[in-house]
Amino acid sequence: MLNIFSKIFTAFFAVYVFGTTAVPIFPPSRMYLILLSCLLNCADSIYYVGVGRADCTGPPTEVNLMGFAEITQIACGLHLRQFVRAFVVNDGTTSMIFVNIDAHSTSDGVRQEVLVRLNRLYNGTYNEQNVIISSTHTHSTPGGHHKYFLYDISVKGFSQQYFDYLVDAITKAITKAHNAITESRIFLNVGVVPNANINRSPAAYLMNPEAERSRYRYNVDKEITQLKFVRVSDDKPIGTINWFAVHPNTMNSTNCLVSSDNLGYASVLLESHFNGDVLTKEGFVGAFASTNIGDVSPNTKGPICVDTGNKCDFVTSTCDGDAATCIASGPGKNMFESTRIIAERIYNKSLALLQNGGTELSGPVRSIHQYIDMTKAKVEVLSNGTKKLVRGCSPAMGYNFAAGTTDGPGISSAAQGTGSKNFLLTIGRDLLSVPTKDDVKCHHPKKILINSGKATFPYEWQPKVVPTQVATIGFFVVVAVPGEFTTMSGRRMREAVRQVVGKSDTKVVVSGLANVYTSYVATPDEYQLQRYEAASTIYGPYTLDIYINQYKKLVSKMMNNETVDSGPRPAKFPPVLVSLVEPPSFDGSGLRKFGECLKQPRSKVSKGDTVVTKFVSGNPRHNPLHGDTFFVVEVKVGDGWTVVATDANWETRLYWERTNVVTRQSESTIEWMVGEKVQEGEYRIRWKGHYKTVLAQIEYYEGGTRSFIVQ
Ligand SMILES: *[C@@H]1O[C@H](CO)[C@@H](O)[C@H](O)[C@H]1NC(C)=O
Ligand SMILES: *[C@@H]1O[C@H](CO)[C@@H](O)[C@H](O)[C@H]1NC(C)=O
Ligand SMILES: *[C@@H]1O[C@H](CO)[C@@H](O)[C@H](O)[C@H]1NC(C)=O
Ligand SMILES: *[C@@H]1O[C@H](CO)[C@@H](O)[C@H](O)[C@H]1NC(C)=O
Ligand SMILES: *[C@@H]1O[C@H](CO)[C@@H](O)[C@H](O)[C@H]1NC(C)=O
C-alpha cells in the first residue's frame, strides 16, 4: 500500500489532469467524490472500470463467412448475433482499454480508424498505446475488413460495409464503457476446464523438446484465467474477461448461419444469467477472449477417416494420402449440439469462478506499444549449442496451408507434413511471385506456396509491420499478440515475460489475435514438421523468437517507466480496394406483400417441438438491425404481449433463401425451439426487415403469425 501522502498527491494530480482537459474523463463533481473516497478508503486496489457492449452483426446473407477459406460457405441467415465487448480500466491516473469482438480476427485498419474516432471523442486519453482490440476467432462470421489482400480475398475482397460495422460498434462499446466508469475492485481467478479442447497437431507438439514437454500435463492449456470487475457501491460484478484456449470453429465449414460459435455462446449464457434477456438488457458484460489457440481444437472426439472409420495418419492427418476425409468432430451429435456443449463447459467454469472470491489486483495500470517490421527484425538464438543471429522472413504461406486442418480440411491432394507438395499449386504460385533463393532459404523447411511478402499487386498481401503491445493492471499482465500462437508458443511467451517482470505473484496472459491478423506462430521445433500451423507461420522459423525478444523488451521498458518510439508505420492502402462482393440487388415480392406469412405455425405445439414459420422477405443484408432483432417470439400476458426470444437467442434461427433469381423473390424461415422451461400459454412471432425497390430505395416492412398455443 502506498502511503497516504502519495495517495493524496495522486488524487490531486488526477483532478488536475482530468479537470483541465476539455473532455474530462470524469465530470468534475464525480472527480471530487473519487478524491473523497480515496482519502477515506485509500487502497491501492481501487480502480475505475466501465464496461460496454455493442452489436456488430455482419451482413447475414450472400457474403462469404471467414475462417475455413471455403468459397462455397456463404451466409444464409443468423443464429447468434455478433457483439463487441469493451472494458475501460483506470487506476486514478492511467487508463487502458480491452476490447473483444465476436469476429474471425481484428484488423489494423479497423483499429486505426477506431483510434481516430477515440481521439476525436477523448482527445488522446485512449490511444495506440493503451487500446487493445482482440477477437474471438469465430469461423462463422463475415470478413473483408483487413485490407491486406490475402485475408480479404478469401471472402471475395474488401467489404466497406463490414469494416464500418466493426468501427462503429467498437467505438460505441468503448463510449458506453467510458460513460459507465465506476469505482471498482478487480479479482483474478484461475480454474480448469477439463474437456473442452484438444491439440489438433499433436505430432507437431511432440517436436518440442522432451524436457520442456515433461513440465506440462497436457498438450493444450486447460486453464481458464478470469478477471472479475466488482462495483464498489453495491459489491456486484459488472463484468468479466476470461482467456481460455480453444478455436471457435465448432460450427464447421458446412454452416451458413452467422454465429459467434462456442465462445460467443458462452458470453450469451453468462450475460443472460446476470441480465435476463441477452439482447434487450445490457448491464453485466462478459467477454470470452482468445489466447494461444493456434493448435487447439474444440473437436474433442478427435479426427477419424470419415469414410472408413479408421484412424488418420498421425503426422499428415490424411486417410490413404487424402486430407479431405480426415475430419474431427465435437462432443455432440451435430455441430449445433457440440457448440452448445463446449460453450456450456466453458461458461459453467466461468460462472463458478465468478462466485469465488479470487485474488484482488492492486497496483498501477500501464501499457506500451510499438510497431515492428518483422521482415527486418533480428534475434540471437541458440542453435545446436552455438549462438547465431537470425532474422524474420518476408511473409509466405507454405504448401500445407492448402491442406487445412482436421477442423476444416482444405484441398484433398495437399497434406500436412514436410513431405507433401503439389505441382499444380506450384504453377499458380509462380504466376504471383517466384520465391528467390533467399526466400527459400529463409523459410526452410517450409515449401513456399504463396510468396505473399513479395506480391504487391494489387497492394500488400500480408502485414510486414505489426503492432506489439503489453498492458498491466497491477501484477496482471496482458501480452497482446497479433496472431494465433500455438500452445507451446504461448507457454514460452508467458514464461519469458514473467521472468522479465520477476515477481512471484505476476500472472501473464497471452491475448491472441489482437490488433492485426498475421496467421499463426508455431515454435521453431514445431516449424520443422510443417503442419498447417507451421506452414502458416508467415515470418519463418524464428517468428516466435523475434516476438519473445520484442515483448521482453517492451515489458522491461514498461517496468522501468521508459517509453519506446512508435516504430515504423504500417502499410498504406489505396483509397479503393478490390471487392468482388456484389451489392445486394432489388427485392421482389411477386403478387404478395413483403412480410406476408407463407407458413403459419401449427396451432398447438409442445415443449421440445420446433415452431417453424415462413414469410415473404426482403434481403436481410440491407440492414442487419444492430441493437434490434429481425423477429420476436412473444407470449400473451394479460392484455399485452411480452418478448420471450429474439434473433440473438440460441433457441432461434433465421434462414433466408432467394426463391426466384429473376423476380428476386425471397423467403425467410424462422425456427424457434420450444425449451422445457417455456411456460404454457398463447404465443405469436412478429418480424420486420427491409427490402430494396427497383429504384434502389430501402423500405421497411413487418408482419407476423397468428397466435398459437404452447401446451
Ligand atoms: C488535447 O490535449 C492536448 C495535450 O494533452 C492539449 O494541449 C489540448 O489543449 C487538448 N485539446 C482540447 C481540445 O482539449
Ligand atoms: C460438419 O458437421 C456436420 C454435423 O453437424 C457433419 O455432418 C459434417 O460432416 C461436418 N463437416 C465437416 C467438414 O466437418
Ligand atoms: C453446466 O452446469 C449445469 C448446472 O450445474 C449442468 O446442468 C450442465 O449439465 C452443465 N453443462 C455442461 C456441459 O457441463
Ligand atoms: C548439430 O551439430 C552436430 C555436431 O556438431 C552436427 O552433426 C549436426 O549436423 C548439427 N545439426 C544442425 C541442425 O546443424
Ligand atoms: C515507475 O513509476 C511508478 C509509479 O510512478 C513507481 O512506483 C516506480 O517505482 C517506478 N519504477 C521505476 C523502475 O522507476
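Counting convention: from 1, in listed order, for ligands and their atoms alike. What's counted below: heavy atoms across the whole structure, side chains too, no hydrogens, waters or symmetry copies. This one's a predicted model, so the numbers in the text were calculated from it and none came from an experiment.
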Centroid-centroid under 6.0 Å between Tyr683 and Trp672 rings: yes
Side-chain ion pair, Arg81 and Asp102, N-O less than 4.0 Å: no
Under-4.0 Å salt bridge between Lys176 and Glu282: yes
Near ligand 3, at a heavy-atom separation below 4.0 Å: residues by chain and residue number: Ile341, Glu344, Arg345, Asn348
Atom pairs and distances, donor-acceptor, side-chain atoms in residues 358-365, under 3.5 Å, two or more places apart:
unit_1: Glu360; atom_1: OE1; unit_2: Arg185; atom_2: NH2; d: 2.7
unit_1: Glu360; atom_1: OE2; unit_2: Ser45; atom_2: OG; d: 3.4
unit_1: Glu360; atom_1: OE2; unit_2: Arg185; atom_2: NE; d: 2.8

Ligand-side contact atoms (ligand 5) for residue partner Asn561, heavy atom cut-off under 4.0 Å: 1 (C), 2 (O), 3 (C), 8 (C), 10 (C), 11 (N), 12 (C), 14 (O)
Backbone or side-chain N or O of Asn560 under 3.5 Å from ligand 5 N or O: no
Residues Arg85, Glu271; criterion salt bridge (charged side-chain N to carboxylate O under 4.0 Å, His left out); working and verdict: CA-CA 11 Å; Arg85 296 176 170 89; Glu271 289 175 352; 2.6 Å; yes
Numbered atoms of ligand 1 (with element) below 4.0 Å of Asn123, judged on heavy atoms: 1 (C), 2 (O), 3 (C), 8 (C), 10 (C), 11 (N), 12 (C), 14 (O)
Distance-only side-chain donor-acceptor flag, Thr93 / Asp91, under 3.5 Å: yes
Pi-cation contact, Phe476 with Lys507 (under 6.0 Å, within 45°): no
